[in-house]
Amino acid sequence: MNILVINCGSSSLKFQVIDTETSNVLAKGLCERIGIDGAITYENVRDNGGKNKKEVTIEDHKKAISLVLDALTDAETGVIKSLDEIGAVGHRIVHGGEKFTSSVIINDEVIEAIREVSDLAPLHNPANLTGVMACKALMPNTPMVGVFDTAFHQTMPAKAYMYAIPKSYYDEYKIRRYGFHGTSHSFVSKQIAAYLGKSPEDLKTIVCHLGNGASVSAVKFGKCVDTSMGLTPLEGLVMGTRSGDLDPAVIEYIAGKENLDASGVLNILNKKSGVQGLSGVSSDFRDLWKGKDEGNEDAALALDVWAYRVAKYIGAYTAAMNGVDVICFTAGVGENDPRSRALVMDYLGYLGITLDEEANNVRGEIAEISTKDSKVKVYVYPTNEELAIANETYALVK
Ligand code: ADP
């Protein structure tokens, strides 16, 4: 079945059409600067059509979706003859709160429930919903599925998701750890089990999703038992521009020194911190390594702080699961950066892990990067969130 996958932000919309029978991407692209001026990039992947970018006024998300549908059905560049060839639409929804523990078929009740949890993700959920509403208007008879970043983590036990603050804050406001990147953690933990010829129920897996945003999860016998992101994606690992864990008292201290309010400091912790803030060089690991190679000590420090944090989480999650069988590196840095993986692996000797340096010299492909005699297996396993969304969508509508 052809599934249209939509990832809708406040001013951008990414899309892919995936044939779930073959897992092939037929077409993909991006609408940018929605509501500002507008541009659509479209690529017919099936026929190697190349990328085509067009500046065109995109006043709102409905216009964006209609441009996408026009491109997909275009006589020359399209990949389908009519919209009937799209079996369903899968929407990425960032926050499902406690209401959504798995993907769901979107109906009016679900739309209302997504709206209700919007104050947990005020930037993302309303934007995701505009994509849903636009598709609903233009493809009223095509089933739609919501796939939530938080859903996979809903199996965490209370001891992992509760913060030690007055319990009333959980009871009244639902303040707790939710976790994000769930589609990726779910996909990679299931795929690696299949790749190893095992059932997820047989494995204790740690997934390190290391991109610009980054999180780790502990997946015990197929269920997520802990993850590093929290109420928001700010907690946990050192990221491209996010600080990850720190003493919350730092917020008041910076506010006082820099004459900022809480949201001003949070803006710094989200957008100007992480390896970017520490290095002053870049949030991109290619630039950090270049900086380090040229003798930039702050770039070297940023890489060290980043790797140390990942290693600490691997240790914590090994304890949480009373062991680990397999560790997976995925996402932009995890898939493409052998040197950063090696920095993390340096800490894992106590688990009986040795890095296979030659095997580690891979980018973007499945590879076992621990030596054959390592007690715990370490893999690079590329994530594919769009394919995961397409598969989840197909499973619900077939
Ligand atoms: P996100 O989805 O969170 O935006 P990605 O998972 O796409 O992030 O990861 C993007 C990051 O991956 C880049 O910022 C860069 O740091 C890193 N990256 C991508 N390619 C490479 C590479 N070849 N070598 C090192 N780092 C890379």
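First listed ligand is number 1; within each ligand, the first listed atom is number 1. Values below: all heavy atoms of this structure, side chains included; hydrogens, waters and symmetry mates excluded.
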Original post:
Looking at atom 16 (O) of ligand 1, what's its closest protein heavy atom, distance included?
Top reply: Phe285 N, 2.8 Å
Original post:
Between the candidates Val333, Leu288, Asn336, Leu210, which shows the shortest non-hydrogen contact distance to atom 17 (C) of ligand 1?
Top reply: Val333
Pair up each side-chain donor or acceptor in residues 243-251 with any protein partner under 3.5 Å, not counting sequence neighbours, and list the distances.
| unit_1 | atom_1 | unit_2 | atom_2 | d |
| --- | --- | --- | --- | --- |
| Asp245 | OD1 | Gly236 | N | 2.8 |
| Asp245 | OD1 | Tyr313 | OH | 3.3 |
| Asp245 | OD2 | Tyr313 | OH | 2.5 |
| Asp247 | OD1 | Ala249 | N | 2.9 |

Subject >> Identity and distance of the protein heavy atom lying nearest atom 13 (C) of ligand 1 >> reply: Asp284 OD2, 3.8 Å
Subject >> Note: Arg176-Glu98 ion pair, threshold 4.0 Å (strictly below) >> reply: yes
**OP:** List every atom of ligand 1 that sits less than 4.0 Å from any heavy atom of Gly332, numbering the atoms from 1 in the order shown and giving each element.
**Re:** 5 (P), 6 (O), 9 (O), 12 (O), 17 (C), 18 (N), 19 (C), 27 (C)
Original post:
side chain to side chain donor-acceptor pair (under 3.5 Å) with Tyr163: which residues, sequence neighbours excluded?
Top reply: Glu235
Original post:
Counting heavy atoms only, which of Arg286, Gln276, Arg341 is nearest atom 20 (N) of ligand 1?
Top reply: Arg286
Original post:
Considering distance alone, does some N or O of Ala331 sit under 3.5 Å from an N or O of ligand 1?
Top reply: no
**OP:** Before signing off on this row, confirm whether Arg363 and ligand 1 have an N or O atom pair separated by under 3.5 Å.
**Re:** no
Original post:
Between Glu85 and Lys81, is the closest basic N to carboxylate O distance under 4.0 Å?
Top reply: no
**OP:** Distance to 0.1 Å, residue and atom name: give those for the protein heavy atom nearest to atom 4 (O) of ligand 1.
**Re:** Asn212 CB, 3.6 Å
Subject >> Non-hydrogen side-chain atoms of Phe285 and Asn336 separated by less than 4.5 Å >> reply: no
Original post:
Does the ring of Tyr170 carry Lys174 above it, NZ/CZ under 6.0 angstrom from centre and within 45° of its axis?
Top reply: yes
Original post:
Looking only at distance, does Gly213 have an N or O less than 3.5 Å from an N or O of ligand 1?
Top reply: yes
Original post:
Considering only heavy atoms from C-beta outward, does the side chain of Val89 approach that of Ile3 to under 4.5 Å?
Top reply: no
